[in-house]
Amino acid sequence: MTSQSQGIQQLLQAEKRAKDKLEEAKKRKGKRLKQAKEEATAEIDHYRLQREKEFRNKETNVMGSQGNLSVKIEEQTTEAIRNLTSSYHKNMESMMKKLLSTICDISPEIHPNFRPAV
């Protein structure tokens, strides 16, 4: 009977050791999962920051291009206005003479469709 109780004691001790090993393994697994989660979060944050930085760089390049484009358009507009103004001053006198001569030099004529009343 003592050999049986010793065998049972050994089985109980083995079961307890196995149970302790399982709990220890679960704890290690939990720690590893927690560590992996933290590493993944850190990696995601790093990737997000990198992509945001790239986006900001592209955005400034595009916006910078638009800024240059608006300056270029304004220069072209100013040049066109300058050209129109100089053309106006250059041709104003001759156009006024033509306009006044057309208005003031009236030559009365009978319209070709006019039929005298009989």
Side-chain angles (χ1 to χ4, degrees):
M1 197 76 149
T2 49
S3 68
Q4 268 188 336
S5 67
Q6 281 180 345
I8 291 174
Q9 286 297 324
Q10 287 177 347
L11 285 174
L12 288 174
Q13 287 175 353
E15 187 178 336
K16 186 177 182 219
R17 283 194 306 266
K19 188 176 182 183
D20 290 343
K21 283 186 179 183
L22 279 176
E23 286 182 27
E24 188 178 325
K26 284 182 182 180
K27 287 179 185 177
R28 280 193 308 239
K29 182 180 177 184
K31 284 182 184 179
R32 279 196 315 248
L33 286 174
K34 187 176 179 181
Q35 182 182 5
K37 184 177 179 181
E38 289 173 356
E39 289 174 1
T41 304
E43 189 174 334
I44 289 170
D45 289 341
H46 177 71
Y47 181 75
R48 181 181 296 126
L49 290 174
Q50 180 184 0
R51 295 298 285 179
E52 285 178 2
K53 185 178 178 183
E54 289 174 11
F55 175 74
R56 298 283 180 245
N57 288 338
K58 287 181 182 180
E59 186 178 43
T60 54
N61 289 341
V62 169
M63 290 301 184
S65 298
Q66 287 179 351
N68 294 340
L69 186 63
S70 65
V71 169
K72 192 180 278 187
I73 289 172
E74 188 154 336
E75 288 174 355
Q76 289 174 351
T77 304
T78 305
E79 183 65 28
I81 291 171
R82 206 175 306 124
N83 289 340
L84 288 172
T85 305
S86 68
S87 176
Y88 165 77
H89 289 298
K90 180 179 164 184
N91 297 321
M92 180 181 71
E93 192 66 36
S94 64
M95 286 306 297
M96 288 299 284
K97 285 181 183 178
K98 277 186 180 179
L99 183 63
L100 286 174
S101 70
T102 303
I103 291 173
C104 293
D105 296 340
I106 300 172
S107 58
E109 308 176 344
I110 296 178
H111 195 274
N113 290 339
F114 176 74
R115 293 188 187 158
V118 189

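Just so it is clear, the structure is predicted and the values come from calculations on it, not from any experiment. Below, each value reflects all heavy atoms present in this structure, side chains not excepted, and no hydrogens, waters or symmetry copies.
One N or O on the side chain of S101 and one on the backbone of K97 form a donor-acceptor pair closer than 3.5 Å.
Closest heavy-atom contact between T60 and N57: OG1-O, 2.8 Å.
Summarising the geometry, atom CD belonging to Q10 is positioned 10.5 Å from atom CG belonging to L12; distances are rounded to the nearest 0.5 Å. Here N83 contributes atom CG and T78 contributes atom OG1; the two are 11.0 Å apart, rounded to the nearest 0.5 Å. The structure places CG of N91 at 9.0 Å from OG of S86, a figure rounded to the nearest 0.5 Å.
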Chi angles and distances behind the salt bridge (Lys or Arg N to Asp or Glu O under 4.0 Å) call for E79, R82: CA-CA 5 Å; E79 183 65 28; R82 206 175 306 124; 2.6 Å; yes
Checking side-chain contact (heavy atoms from CB on, under 4.5 Å) for the pair E52/R48: CA distance, chi angles, key distance, verdict? CA-CA 6 Å; E52 285 178 2; R48 181 181 296 126; 3.6 Å; yes
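For CD1 of I110, the number of neighbouring non-hydrogen atoms (other residues, nucleotides, ligands) closer than 6.0 Å is 12 at most. The number of heavy atoms from other shown groups lying within 6.0 Å of CD (E15) does not exceed 12. Environment of CD in E43: sparse, with no more than 12 heavy atoms of neighbouring residues, nucleotides or ligands closer than 6.0 Å. Heavy atoms from other residues, nucleotides or ligands lying under 6.0 Å from CE of M92 number more than 12.
A salt bridge is defined here as a Lys NZ or Arg NE, NH1 or NH2 lying under 4.0 Å from an Asp or Glu carboxylate O, and R51 with E54 meets this definition.
Listed by first then second residue, pairs satisfying side-chain hydrogen bond (donor to acceptor under 3.5 Å, both in side chains) with a partner in residues 102-118 number zero, not counting sequence neighbours.
Hydrophobic clustering of Ile, Leu, Val, Met, Phe, Trp and Tyr side chains at less than 4.5 Å, counting indirect connections, keeps M96 apart from I103.
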Donor-acceptor pairs are to be reported for all side-chain atoms of residues 18-27 against protein atoms at under 3.5 Å, with residues two or more places apart or in another chain.
from : atom 1 : to  : atom 2 : distance (Å)
E24  : OE2    : R28 : NH1    : 3.3

